[in-house]
Number of protein chains: 2
Amino acid sequence: MKHYPATFLKYISILQRNTSRYFDMVLEPFGIGSGQQFFLRQIYENEGISMYDLAKIGCFDKGTVTKAVQKLEELGYVKILADEKDRRIKRLHITSAAQQVLEKVYQKRDLWKNSLTENIPPEKEKELEQLLEKMAQISCQELSAVAKQREEIHDKRRNTQP
Amino acid sequence: MKHYPATFLKYISILQRNTSRYFDMVLEPFGIGSGQQFFLRQIYENEGISMYDLAKIGCFDKGTVTKAVQKLEELGYVKILADEKDRRIKRLHITSAAQQVLEKVYQKRDLWKNSLTENIPPEKEKELEQLLEKMAQISCQELSAVAKQREEIHDKRRNTQP
DNA sequence: TAAAAATAGTTGACTTTTCAACTATTTTCC
DNA sequence: GGAAAATAGTTGAAAAGTCAACTATTTTTA
C-alpha cells in the first residue's frame, strides 16, 4: 500500500474536541456544558428564533436542538413560546437569569479564541476564517448529497426486495 | 450587552460534526464508524504503536483509545500484543483482514478532503494546514493548563474543607 | 530493598450528538 | 373541502468521547 500523507482533518478533530472540553470545564459552575453554549448565544443574538432556524444556523440535527433547548429551559435560562400564527413553531427567548451566564460564555469563548490565534496576524486570521466558513458550507452540501444517495439506494432495495 | 462577532470556532464545530457523519455513512458497510477510522490508520502507519502513543498523537483520552481499539479487535482488524519488556504496554498490529477497509478509509478520506478544498489553491491550503496544526497544538497545551488550574482549586477545597 | 510515585491501560457513569420513527400542525392540490 | 404532502418538533436507541476511580505493572527514592 502506498504512503498516505496526513490531512488537516486531524487538526479540526483535535480543535473541536479540545474546545468542547474547555467549555465543559469553564461553564460547569453555571450548570451548562459545551452542548448548550452555542444555542444560548444564538438565542440571545436572535430573540424569538425558532428551533428549526437554530438547527440550520449551526448545521445541527433538530433532535440536538430540542434537547439542548430543553436543558436551557430547565435551568431557567430560556423561555419557549409557541408561535401564534403557526403553532408548530416554538420561539425561543432569553430570560434575565441568563444574562450572567451569557457574559461568561462570551468572555470565555473570546479568551479561548485569542489563545489559539495569538500569533496569527489579523489579515491571516481573516483569511483563515473565510476558508473555514467556505469549507463548513461545502461540508453541509456534500453531506446532504451523500445522504440523499444513500437514501435512494435504500429505497431501491426496499422496492426490489419487499 | 455589547455586540459579539462570530468566530471561526463555529466552522470548526460544523466541519468536525459533518466529517464524523460522513465517515459513519461511508464506513457502515465495514462495521466501523467515524470513531475507529483514525486509530486504524495510525496503527497501520505505525506498526506496533502503543495505546498511550496513539492517544498522544490524536490528543485523545486514553479511555477513548481503549474502546476504539477493542472494537477494532472484535472486528478482527487489529491484534493486541503485550510488550515483552514492559508488560503494562500493549502493542497494536494490523491484520490482513483490515487491508480492504484501510484502502476504503484512505480513499473516502481523500474524497472528502478534496471536496472541501476543491477551490483552494495548493499554497493557500498548505498555509491553512500549518495554521490549524499550530492551533491544535496550542489547544492541547492550553487545555492542560486550564485542567491543572482547576485541579489545584479542587485540592485546595479538599484541604480547607475536610 | 521496601515504600511511594509514576505509568499504561480498563471500566462505568455521563454528555453530546445523530438517526429514524413518531406526533401535530399547516400547506398543497385534486 | 378533504386527502396527501410538507413542515416543526419530540423521543428513544445508539455511538463517540470524556472523566474519575480503579488495577497492574514499573520506576524512583529514602
Side-chain angles (χ1 to χ4, degrees), chain A residues 13-14 16-25 27-28 31-39 49-56 58-74 80-92 143-144 146-147 150-151 154-155 158, chain B residues 13-14 16-25 27-28 31-39 49-56 58-74 80-92 143-144 146-147 150-151 154-155 158:
Chain A
S13 159
I14 294 176
Q16 175 54 18
R17 281 182 288 108
N18 285 343
T19 301
S20 294
R21 290 208 249 180
Y22 171 75
F23 277 121
D24 282 340
M25 287 183 193
L27 298 180
E28 199 210 47
I32 65 171
S34 59
Q36 289 86 52
Q37 56 89 20
F38 174 81
F39 299 109
I49 193 173
S50 71
M51 292 210 192
Y52 179 79
D53 286 336
L54 211 40
K56 228 170 39 179
C59 202
F60 279 97
D61 179 79
K62 43 194 185 153
T64 307
V65 178
T66 298
K67 283 161 189 170
V69 168
Q70 277 173 353
K71 183 152 185 186
L72 287 170
E73 194 199 20
E74 280 164 23
I80 307 176
L81 299 172
D83 187 289
E84 301 200 335
K85 298 218 172 152
D86 186 338
R87 291 187 319 172
R88 292 172 301 183
I89 298 171
K90 298 194 175 170
R91 305 216 163 269
L92 308 170
L143 196 73
S144 305
V146 177
R150 248 167 59 98
E151 221 170 273
H154 275 222
D155 285 351
R158 219 176 291 165
Chain B
S13 159
I14 294 176
Q16 174 54 17
R17 281 182 287 111
N18 285 343
T19 300
S20 294
R21 290 208 248 179
Y22 171 75
F23 278 121
D24 282 341
M25 286 183 193
L27 298 180
E28 199 210 48
I32 65 170
S34 58
Q36 289 86 51
Q37 57 88 21
F38 174 81
F39 299 109
I49 192 173
S50 70
M51 292 211 193
Y52 179 79
D53 286 337
L54 210 41
K56 227 168 41 178
C59 201
F60 279 97
D61 180 79
K62 43 193 186 155
T64 306
V65 178
T66 298
K67 285 161 189 171
V69 168
Q70 277 173 353
K71 184 152 185 186
L72 287 170
E73 194 199 21
E74 280 165 24
I80 306 176
L81 299 173
D83 186 290
E84 300 200 335
K85 298 220 172 149
D86 186 339
R87 289 186 320 170
R88 292 172 300 183
I89 298 172
K90 298 194 175 169
R91 305 216 162 270
L92 308 171
L143 196 72
S144 304
V146 177
R150 248 167 59 98
E151 222 169 271
H154 275 222
D155 285 351
R158 221 177 289 167

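Every chain is numbered from 1, with letters handed out A, B, ... down the list of sequences. All values reported here derive from a predicted model rather than from experimental measurement.
Backbone-only engagement by A:Gly35 is indicated by non-hydrogen atom pairs under 4.0 Å involving sugar-phosphate atoms exclusively. Residue contacts shown for A:Gly33 are limited to sugar-phosphate atoms, with no base heavy atom under 4.0 Å away. Within 4.0 Å of A:Ser50, counting heavy atoms only, lie sugar-phosphate atoms of the nucleic acid but no base atom. Nucleic acid contact for B:Ser34: sugar-phosphate only, since backbone atoms but no base atoms lie under 4.0 Å from a heavy atom of the residue.
Taking side-chain N and O atoms only, A:Thr66 has a distance below 4.0 Å to OP1 or OP2 of D:dT10. Between B:Gln70 and C:dT11, a side-chain N or O to OP1/OP2 separation shorter than 4.0 Å is present. Between B:Arg21 and C:dT18, a side-chain N or O to OP1/OP2 separation shorter than 4.0 Å is present. For the pair A:Arg87 and D:dA8, the criterion of a side-chain N or O lying under 4.0 Å from OP1 or OP2 is not met. For the OP1/OP2 pair of D:dA15 and a distance below 4.0 Å, the side-chain nitrogens and oxygens of B:Gln36 include no atom meeting the criterion.
One interatomic measurement links the two molecules: CE of B:Met25 to P of D:dA15, which rounds to 16 Å at whole-angstrom precision. Atom-to-atom, CG of A:Asp83 to P of C:dT27 comes out at 11 Å; the value is rounded to the nearest Å. Between the CZ atom of B:Phe23 and the P atom of D:dG17 there is a distance of 12 Å, given to the nearest Å. Regarding A:Tyr22, its OH atom lies at a distance of 17 Å from the P atom of C:dT16, rounded to whole Å. Between the CG atom of B:Leu143 and the P atom of D:dG17 there is a distance of 16 Å, given to the nearest Å. Atom CE in A:Met51 sits about 13 Å away from atom P in D:dA8, given to the nearest Å. Between the CG atom of B:Asp24 and the P atom of C:dC19 there is a distance of 8 Å, rounded to whole Å. The distance from atom NZ of A:Lys90 to atom P of C:dA24 is 12 Å, rounded to the nearest whole Å.
At least one donor-acceptor pair under 3.5 Å links the side chain of B:Arg17 to the backbone N or O of A:Cys59. In this structure, the side chain of A:Ser20 engages the main chain of A:Gln16 through a donor-acceptor pair within 3.5 Å. Remark: the backbone N or O of B:Gly33 is not paired with any side-chain donor or acceptor of B:Asp24 at under 3.5 angstrom.
Among the nucleotides C:dG9, C:dT18, D:dG17, the one closest to the side chain of A:Arg17 is D:dG17. Checking D:dA6, D:dT26, C:dG9 against the side-chain heavy atoms of B:Asp86 singles out D:dT26 as nearest. You'll find that the side chain of A:Phe60 is closest to C:dT18, out of C:dA13, C:dT18, D:dA16. Distances were taken from every side-chain heavy atom of B:Ile89 (C-beta onward) to each of C:dT25, C:dC19, C:dG9; the shortest belongs to C:dG9. Of the candidates D:dG9, C:dT18, D:dA8, the closest approach to any side-chain atom of A:Lys67 belongs to C:dT18. Each of C:dC19, D:dT18, D:dT26 was ranked by its minimum atom distance to the side chain of B:Asp61; first place goes to D:dT18.
For the pair A:Arg88 and A:Asp86, the salt-bridge criterion is met [side-chain N within less than 4.0 Å of a carboxylate O].
Contact of B:Arg88 with C:dT7 (side chain to base): a donor-acceptor pair of N or O atoms is detected under 3.5 Å.
Taking both residues in full, the closest heavy atoms of B:Lys71 and B:Gly31 are given as CE-O, 3.8 Å, listed atom of the first, atom of the second, then distance.
Annotation: side chain of B:Phe39 is in contact with side chain of B:Leu54 (closest heavy-atom distance under 4.5 Å).
Map B:Lys71 and B:Lys62 each onto its nearest nucleotide of DNA chain D; the residue landing nearer the 5' end is B:Lys71.
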